[in-house]
*Asks:* 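Take this structure first; my questions come after.
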Amino acid sequence: MSSSSRSPNSKPEQSSGSWLARLIIKTSVFFVGLGLCAALLGSLALALAWPNLPDLSAMIDYRPRVPLRIYTADKVLIGEFGEERRNVLRFDEIPDVMKSAILAAEDDRFYQHGGIDWMGVGRAALANMTQMSKTQGASTITMQVARNFYLSSEKTYTRKFYELLLTFKIEATLSKDQILDLYMNQIYLGHRAYGFAAASRTYLGKPLGEITTAEAAILAGIPKAPSRFNPIANFERAKTRQGYVLGRMRNLGYITDQEYQEAQAQEIVVKSALGTPAGGYAIHGEYAAELARQLLYGVYQDNVYSRGFNIYTTIKSSDQEAAYLAVRNGILDYTRRAPYTGPQGQVDLPAGIENDHAQLDAILDEMQDKYPDTGDLLTGVVLDANPNQIRVARTAQQIIDVNDKRALKIVARGLVNNAKADVRIQRGSVIYLFRNGDYWEVINMPAVQAAFVSVRPQDGAIQAMVGGFHFSDGKFNRVTQAWRQPGSAFKPFIYASSLERGLTPATQISDEPFVLTAAQTGSKPWTPKNYGRTYEPMLTMRQGLYKSKNMVSIRIMQAVGPKYVQEYVTRFGFDKARQPAVLPLALGAGSVTPLQMAGAYSVFANGGYRTEPFLIDYVTDSTDKVIMRAKPIVAGDAAARAIDARTAYVMNDLLRGVATSGTGARASRELKRTDIGGKTGTTNDSQDAWFAGYTPDLVGIAWMGFDKPRSLGSGETGGGASMPIWINYMRSALKDKPIVPQGPLPSGLSRINGDFYFDEFPPGQAIARVGLPAPGDGSLQQGDGGGQNDGIGDLLRQLDSDSGSSGAETQPFVPF
């Protein structure tokens, strides 16, 4: 065969090899080009996206959204406002066991990777493919920090891309410890708790520094699903997750086998600390906390809830709790005295349902949704009732027998055979239970309200404030917002005005009935009455105040002049517009708030100085730097002088007499003190009941009434309804406080024959009589005030209409 001859297959073989080579080259070029394009597009995207990444100032200068917290003067937390509950700790303050548990649960290679754990990504991808579902994630702690600080939770490729870029930026800017620190303080952990310190208080009731390995593991398991894996929402799932975290801690060498076994065996007690949303507060300072919030909100608006402000009030925690209990007990005592008005509602209880616990609990759960517990007043459903016993179900397992005679007496009218339908207590009746010492009682949810406030008269610092029976009923603070008629509690200010016009405690004043005709009033006759409708021919001013005689007060005001009195009482802080210059003002027909009364009586207690009540002592920011501080006017400052020192001294003497021998004698008798001054107050038809009392170091005002004014009932007075509140508070507040005797006579005041005289009004020149027919002796007679009846008809018409100042009105209140 010739050398030039070729095999028939030789050309195809060469053609196939050449084609394969060309294919490989083309494919390589394609993928290289594709890679270059991808790199180019990636570089372009990076170039466009990187400048738009947020700077890390929020991380470098970390300022978390810390809520507004409000404390008493002795640093007891009474309020917290803001969506995020957070307790920020430094990195070195967080225990190592907590850090180990977090790393084991979330990112054990945190200190090795550069922000993205590629081994973790691979492991998660393999697990997800094996399970054919997304069972594992690969988010590192750094990625979670990026997401929490700057990004939304939406699941888009754009967000994920930005998350990766931001992750790299964070890793390039911050140290690992800084990143972990941010994570531990920032992460949301359910129940409005942000950060592990807040979570420890919310779920375990303790500071983070006190947790055990088992407790650290249960907290570290929460971030995976905060709403489902927290121990309050689902304890069993939380325990399962805890077991996983403990196993990881052991496998990673963070804990030994023995420590693992001990942690597994430890019982987890779920308990919310006081001061958390779930745990409540150590004392009941809700009204004071809300008022403090309102005051600071007026300065910072919505920023107040996230900047970590701390308000330190003037409230004294022990006094505040004593005031809360005094008001609550006073209202419950009144409710016990008042006629029983019947059950709160009625539910259908099928016969024999007690034997079906599930069905009974379902009915009780529905009932409690409609009639929830209010503090220590607990709802229940009556299973059986007769004059000797009431059986009440709280749950299918908790059955309470009410059988004490004292308790049954309260609701006796609902247990008799002929009880009216709306009052009858029977099977299915929804009632409220109250644990009164060693026995249970059935009691209505109180309809009456009360308020109490105490202040330090030297500077006006509020020591305690309770604005109603229960704060959850509404934020209406009756201490600051309820404008009510003060009744006889206003009389001391009328008396004080007369001392500076020449009257003395020895001045004789007519107590005979007083009448103004229709012609004099311009409307209809005015015929005021003494309480009990008893009258005497004549009383001294001192006797008139001790006995709280209306006729005496009216004639004093008539003698001094209503216009003068109207101007004079503004020295005590009363609104001139709310104190009309007409004779009924002598009986407390104007309108005041309990806080105004506290400030006014402080003038008597501190020797004649006007000190404005205030609640906020100082405010700090999140770094504990003081940014606001109160600068109260202090008694003794000449600029604060409101009334003559002599007037204050004499009124103190008179009011101590009222609290020793007059209508307020019960106060001194029960507290066994001689340094108490005070005055009862009861308005027409017993719509308002007051007791205003004080020592030289503490002023307290107690009020009781209905929000929509109506009678408290026949025989209800300030001495019977409100004075017990004041006494019960002072019994605690004045415990172990020494009795303060009245000081020496101020200059210009003399005591002659047992009574007091100003130097300019000595015996013979002071007014000796008012309203008594003794011509020529220099006494003032009825009508000498001149023009005092102007406008009285308008006031009478106003009072008859039950409108205006006698009601509880909402008014702005901005003291600071």
*Asks:* Can you name the ring pair (Phe, Tyr, Trp, His ring centres under 6.0 Å) partners of Tyr649, sequence neighbours left out?
*Replies:*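 Phe756.
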*Asks:* Quick one: do the Ser711 and Gln687 side chains pair a donor with an acceptor below 3.5 Å?
*Replies:*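 Ser711 vs Gln687: no donor-acceptor pair found between side chains.
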*Asks:* Does Tyr757 have any side-chain hydrogen bond (donor to acceptor under 3.5 Å, both in side chains) partners at least two apart in sequence or in another chain, and if so, which?
*Replies:*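 Tyr757 satisfies side-chain hydrogen bond (donor to acceptor under 3.5 Å, both in side chains) with no other residue.
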*Asks:* Under the ring pair (Phe, Tyr, Trp, His ring centres under 6.0 Å) rule, what pairs show up with a residue in residues 455-475, not counting sequence neighbours?
*Replies:*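 For residues 455-475, and leaving out neighbouring residues, the ring pair (Phe, Tyr, Trp, His ring centres under 6.0 Å) pairs sorted by first residue read Tyr287-Phe471.
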*Asks:* Using every non-hydrogen atom in the two residues, find where Gln742 and Arg656 come nearest and quote the distance to one decimal.
*Replies:*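 Closest approach of Gln742 to Arg656: N-NH1, 3.3 Å.
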*Asks:* Can you name the nearest heavy-atom pair linking Arg666 to Pro724, along with the distance?
*Replies:*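 Heavy atoms only, the tightest pair is NH1-CG, 3.6 Å.
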*Asks:* Between the side chains of Arg555 and Glu512, is the shortest nitrogen-to-carboxylate-oxygen separation below 4.0 Å, so that they form an ion pair?
*Replies:*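 The answer is no: the pair does not qualify as a salt bridge.
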*Asks:* Starting from the C-alpha separation in whole Å, work towards a yes-or-no answer on side chain to side chain contact (heavy atoms under 4.5 Å, CB included) for Gln558 and Leu583.
*Replies:* CA-CA 7 Å; Gln558 187 183 46; Leu583 290 182; 4.0 Å; yes
*Asks:* Just to verify, what does Tyr546 make a side-chain hydrogen bond (donor to acceptor under 3.5 Å, both in side chains) with, not counting sequence neighbours?
*Replies:*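 With sequence neighbours excluded, Tyr546 shows a side-chain hydrogen bond (donor to acceptor under 3.5 Å, both in side chains) to Arg542, given in chain and number order.
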*Asks:* Identify, with sequence neighbours excluded, every residue that meets ring pair (Phe, Tyr, Trp, His ring centres under 6.0 Å) alongside Phe490.
*Replies:*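 With neighbours one apart ignored, the set is Phe493, Phe574.
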*Asks:* For Tyr729, what residues pass the ring pair (Phe, Tyr, Trp, His ring centres under 6.0 Å) criterion, not counting sequence neighbours?
*Replies:*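 Ring pair (Phe, Tyr, Trp, His ring centres under 6.0 Å) check on Tyr729 returns Phe452.
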*Asks:* Among side-chain atoms of Tyr564 and Arg501, is any donor-acceptor pair under 3.5 angstrom?
*Replies:*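 Their side chains do not contain a donor-acceptor pair, so the 3.5 Å distance test is not met.
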*Asks:* Who are the ring pair (Phe, Tyr, Trp, His ring centres under 6.0 Å) partners of His284, not counting sequence neighbours?
*Replies:*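 Here the qualifying residues are Tyr324.
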*Asks:* List for me each residue that meets side-chain hydrogen bond (donor to acceptor under 3.5 Å, both in side chains) alongside Asn550, sequence neighbours excluded, and say none if there are none.
*Replies:*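 So Asn550 forms a side-chain hydrogen bond (donor to acceptor under 3.5 Å, both in side chains) with Lys491.
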*Asks:* Of all heavy-atom pairs between Pro446 and Ile331, which one has the smallest distance, and what is that distance?
*Replies:*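 Smallest heavy-atom distance, with atoms named: CB-CG2, 3.4 Å.
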*Asks:* Centre of Trp703's six-membered ring, under 6.0 Å away, within 45 degrees of the axis: is that where NZ or CZ of Arg478 sits?
*Replies:*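 No - Arg478 does not lie over the ring of Trp703 by the 6.0 Å and 45° rule.
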*Asks:* Which residues pass the side-chain hydrogen bond (donor to acceptor under 3.5 Å, both in side chains) test with Thr527, not counting sequence neighbours?
*Replies:*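 Result, side-chain hydrogen bond (donor to acceptor under 3.5 Å, both in side chains) vs Thr527: Lys529.
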*Asks:* State, without any angle test, whether Ser548 and Ser488 hold a side-chain donor-acceptor pair at a distance under 3.5 Å.
*Replies:*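 Note: Ser548 and Ser488 side chains meet the donor-acceptor criterion.
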*Asks:* Using a strict threshold of under 4.0 Å (side-chain N to carboxylate O), is an ion pair present between Arg337 and Glu716?
*Replies:*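 Yes, charged N to carboxylate O under 4.0 Å.
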*Asks:* Considering only NZ, NE, NH1 and NH2 on the basic side and carboxylate oxygens on the acidic side, decide whether Glu286 and Arg293 come within less than 4.0 Å.
*Replies:*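 No salt bridge links Glu286 with Arg293.
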*Asks:* Do Phe572 and Phe604 have ring centres separated by under 6.0 Å?
*Replies:*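 That pair passes the under 6.0 Å test.
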*Asks:* Holding to salt bridge (charged side-chain N to carboxylate O under 4.0 Å, His left out), I want the full list of residues that pass it with Asp617, two or more places apart in sequence or in another chain.
*Replies:*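 Counting only residues at least two positions away or on another chain, Asp617 forms no salt bridge (charged side-chain N to carboxylate O under 4.0 Å, His left out).
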*Asks:* Can you tell me which residue pairs pass the salt bridge (charged side-chain N to carboxylate O under 4.0 Å, His left out) test with a partner in residues 718-729, sequence neighbours excluded?
*Replies:*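 Every candidate salt bridge (charged side-chain N to carboxylate O under 4.0 Å, His left out) pair involving residues 718-729 fails, so no pair, neighbours aside, qualifies.
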*Asks:* Which pairs pass salt bridge (charged side-chain N to carboxylate O under 4.0 Å, His left out) with one or both residues in residues 449-458, sequence neighbours excluded?
*Replies:*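 Counting only pairs at least two positions apart or across chains, the salt bridge (charged side-chain N to carboxylate O under 4.0 Å, His left out) contacts touching residues 449-458 are Arg456-Asp459.
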